[in-house]
Amino acid sequence: MGQRKSPRRLADNEAMAKTRMLRISPQKLNLLAASIRGKAVARALIDLSFQRKRISQDVIKCLQSAIANAENNHALDVDSLVVAEAFVGKSLTMKRIRPRARGRMAMIRKPFSQLTIKVRQIEDEE
């Protein structure tokens, strides 16, 4: 007896990609994620390519991965994909020490984030 196949976590018309260990704070990354939520995939890629933030290239990679997953793994139509969800989570935080006056120290926190993008195929209403 083998194990039963685990049920799919997404709907049949959805695909997902996740990027972990992005070296940016979740608050800053969420600004980019909010700018692409609910948009068509082609429009979201264009908007991200003209962003002036360093991390936008990593968000583009994650979105392209979600598009490739939708096309290759789930046989969805790329032209009718929409960014259904884009959410950010916390990851680890590197802690560094900076010397201060009179022998004291100050903690410097360098946070990491993870980004999850879900794309959904919408049906054309004619």
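The chain is numbered in sequence order, starting from 1. Just so we're clear, the structure is a prediction, and the values are computed from it rather than from any experiment.
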Practice task
Check step by step if side-chain contact (heavy atoms from CB on, under 4.5 Å) holds for Ile122 and Leu81.
Solution key: CA-CA 6 Å; Ile122 57 169; Leu81 287 178; over 6 Å; no
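- Through side-chain heavy atoms spaced under 4.5 Å, either directly or across other Ile, Leu, Val, Met, Phe, Trp or Tyr residues, Phe50 is tied to Ile46.
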What donor-acceptor contacts under 3.5 angstrom involve side-chain atoms of residues 57-64, with partners at least two apart or in another chain?
none

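- For residues 62-83, no residue pair satisfies the salt bridge (charged side-chain N to carboxylate O under 4.0 Å, His left out) rule, not counting sequence neighbours.
- A heavy-atom distance below 4.5 Å is found between the side chains of Gln51 and Ser35.
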Practice task
List the steps, then state whether side-chain contact (heavy atoms from CB on, under 4.5 Å) holds for Leu32 with Leu48.
Solution key: CA-CA 8 Å; Leu32 278 179; Leu48 285 172; 4.1 Å; yes
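- From Gln121, atom CD reaches atom CG of Asn13 across 6.5 Å, with rounding to the nearest 0.5 Å.
- Applying the side chain to side chain donor-acceptor pair (under 3.5 Å) rule to pairs touching residues 109-119 yields nothing, sequence neighbours excluded.
- Under a 4.5 Å side-chain heavy-atom criterion applied to ILVMFWY residues, the cluster that includes Phe87 comprises that residue alone.
- In this structure, Val82 and Gly38 approach most closely via the heavy-atom pair CG1-O, 3.7 Å.
- When the side chains of ILVMFWY residues are joined at heavy-atom separations under 4.5 Å, either directly or via intervening members, Ile117 and Leu45 end up in a single hydrophobic cluster.
- Legend: salt bridge (charged side-chain N to carboxylate O under 4.0 Å, His left out) pairs involving residues 27-54, not counting sequence neighbours, sorted by first then second residue: Lys39-Asp47, Arg43-Asp47.
- Scored by the side chain to side chain contact (heavy atoms under 4.5 Å, CB included) test, Arg8 finds Leu10, Asp12, His74 as partners (sequence neighbours excluded).
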Hey, can you pull the donor-acceptor pairs under 3.5 Å for the side chains in residues 90-99, sequence neighbours left out?
none

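- For Asn30 (side chain) and Pro26 (main-chain N/O), no donor-acceptor pair under 3.5 Å exists by modelled atom type.
- Applying the side chain to side chain donor-acceptor pair (under 3.5 Å) rule to Glu14 yields the partners Arg120; only residues at least two apart in sequence or on another chain are considered.
- Rounded to the nearest 0.5 angstrom, Arg23 CZ and Phe112 CZ are separated by 5.5 Å.
- Taking hydrophobic clusters as Ile, Leu, Val, Met, Phe, Trp and Tyr residues chained together by side-chain heavy-atom distances below 4.5 Å, Ile55 does not share a cluster with Leu31.
- Contacts of Asn69 classified as side chain to side chain contact (heavy atoms under 4.5 Å, CB included), with partners at least two apart in sequence or in another chain: Ala15, Ala17, Ser65, Asn73.
- You'll find the side chain of Glu123 stays beyond 4.5 Å of the side chain of Ser80, heavy atoms only.
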